[in-house]
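These notes concern the structure reproduced below.
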Amino acid sequence: MMKKKDNKKHIVVFTGAGVSAESGLKTFRDSDGLWENYRIEEVATPEAWERNPKLVLEFYNMRRKQCMEAKPNNAHLLIAQLEKHYNVSVITQNIDDLHERAGSTNVLHLHGEIMKVRSSVDENLIYPINKWNLELGEKCEKGSQLRPHIVWFGEPVPMMEKAIEIVQTADVFIVVGSSLVVYPAAGLIFYAPTDIPKYLIDPGEFSSTITKNLIHIKKKATEGMQELYELLTKNVWV
Ligand code: APR
């Protein structure tokens, strides 16, 4: 369980591809999103890796290159600045490192990290990568091909349990830029205490009955986070 370090309230920010859209990184399911141009089964499953590792590496090399070229936007920065007033946990579905580069100190990646690679025989052998391309023939210390440190469709989500524990201690829960369709991650919102305030910042359409006390700020991440930041810091509940 997350221990309370002080009497500050705990904000959990759960982010998806939409928080990085204004940094120039494509979402998955918007029109012209990544899944319009690639088939999930061809690049983001263990079977794809078995069948055509070169194509999988190329797909993630492109993601890594774009991530390295991108900069955090104002939504990432405001989420980091919330730490001046609150205990903040960021739980992200994103594989980019823009939250960290914006200054957030407590970031959990549910779906892996593009700036890391790992052994394909031992998931605990994880290495940072500081170049954009990972190639066939690059091996871990046990001699097996390195793969992107990504949770593919059909693989377990090892950080889920930790994420649930964090969400259960939230005083405020904020979702930024996620279609909330990919499980188990999308189910996190249901672990938040029932009566706490919940906000969803996303320009898309959502059912009004997702969960209790959910306020939909139907705006882009930068604009919506600005509005919410002002609201949350005007009346800091300490
Ligand atoms: N600001 C905020 N939200 C935005 C913006 C923006 N500028 N632009 C688009 N969005 C919203 C869309 O309305 C949509 O609801 O971002 C959301 C993106 O949804 P998805 O593309 O489905 O991304 P995400 O929810 O992160 O996907 C979850 O699916 O493909 C897998 O593993 C991948 O982690 C990813 C998971």
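Both counts, for ligands and for their atoms, begin at 1 and track the order of listing.
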Exercise. Would you say the side-chain atoms of Y86 pair up with the backbone N or O of L232, donor to acceptor, closer than 3.5 Å?
Worked result: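 At least one qualifying donor-acceptor pair exists.
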For this session: Examine distances only and state if a side-chain atom of S23 and a backbone atom of L25 form a donor-acceptor pair shorter than 3.5 Å.
Result: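 No; zero donor-acceptor contacts below 3.5 Å.
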For this session: With sequence neighbours excluded, tell me which residues meet side chain to side chain contact (heavy atoms under 4.5 Å, CB included) with N213.
Result: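 Counting only residues at least two positions away or on another chain, N213 forms a side chain to side chain contact (heavy atoms under 4.5 Å, CB included) with D195.
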Exercise. Is D30 in contact with ligand 1, taking contact as a heavy-atom separation below 4.0 Å?
Worked result: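 D30: in contact with ligand 1 (<4.0 Å).
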For this session: Determine whether the side chain, the backbone, both or neither of F14 has a heavy atom under 4.0 Å from any heavy atom of ligand 1.
Result: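 F14 to ligand 1: no contact under 4.0 Å from either part.
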For this session: Select one of side chain, backbone, both or neither to describe which atoms of T27 lie under 4.0 Å from any atom of ligand 1, heavy atoms only.
Result: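 Both backbone and side chain.
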Problem set entry | Reference residue Y127; test side chain to side chain donor-acceptor pair (under 3.5 Å); the match among R118, E138, E141 |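 Of the listed options, the one satisfying the test is E141.
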Could you check [atom] against the protein and tell me its nearest heavy-atom contact, residue, atom and distance included?
atom                    : result
atom 26 (O) of ligand 1 : A17 N, 2.8 Å
atom 7 (N) of ligand 1  : E22 OE2, 3.2 Å
atom 28 (C) of ligand 1 : Q93 OE1, 3.3 Å
atom 34 (O) of ligand 1 : H111 ND1, 2.8 Å
atom 5 (C) of ligand 1  : G18 O, 3.7 Å
atom 35 (C) of ligand 1 : F28 CE1, 3.5 Å
atom 8 (N) of ligand 1  : A21 CB, 3.8 Å
atom 14 (C) of ligand 1 : D202 OD2, 3.5 Å

Please could you name the atoms of ligand 1 that [X] approaches to less than 4.0 Å, counting only its heavy atoms?
X    : value
G204 : 13 (O)
G16  : 26 (O)
F153 : 30 (O), 31 (C)
W35  : 30 (O)

Neighbour count >12 (heavy atoms, 6.0 Å) for atom [atom1], [X]:
X    : atom1 : result
Y191 : OH    : no
E69  : CD    : yes
K116 : NZ    : no
K131 : NZ    : yes

For this session: Could you check whether the rings of W35 and F59 sit parallel, tilted or perpendicular, using 30° and 60° as the cut-offs?
Result: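 Correct class here is parallel.
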For this session: Please determine if A221 has a nitrogen or oxygen closer than 3.5 Å to a nitrogen or oxygen of ligand 1.
Result: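 Yes, since at least one N or O of A221 sits under 3.5 Å from an N or O of ligand 1.
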Exercise. Do any nitrogen or oxygen atoms of S178 lie less than 3.5 angstrom from nitrogen or oxygen atoms of ligand 1?
Worked result: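 N/O-N/O distance under 3.5 Å: yes.
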Problem set entry | Per atom 20 (P) of ligand 1, closest listed option by heavy atom (P203, G177, S179) |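 It is S179 that holds the nearest heavy atom.
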Exercise. Who gets closest to atom 29 (O) of ligand 1 by heavy atom: R29, H109, E205, K219?
Worked result: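 That would be R29.
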Problem set entry | Non-hydrogen atoms of I91 and V12 that approach each other most closely |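 Scanning both residues completely, I find the closest heavy atoms to be CD1-CG1, 3.9 Å.
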Exercise. Do we see a donor-acceptor contact under 3.5 Å between the side chains of H10 and S89?
Worked result: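 Side-chain D/A pair, H10 to S89: present.
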Show every donor-acceptor pair shorter than 3.5 Å between a side-chain atom in residues 173-184 and any protein atom, with sequence neighbours excluded, or say none if there are none.
{"unit_1": "S178", "atom_1": "OG", "unit_2": "Q93", "atom_2": "NE2", "d": "3.0"}
{"unit_1": "S178", "atom_1": "OG", "unit_2": "L180", "atom_2": "N", "d": "3.2"}

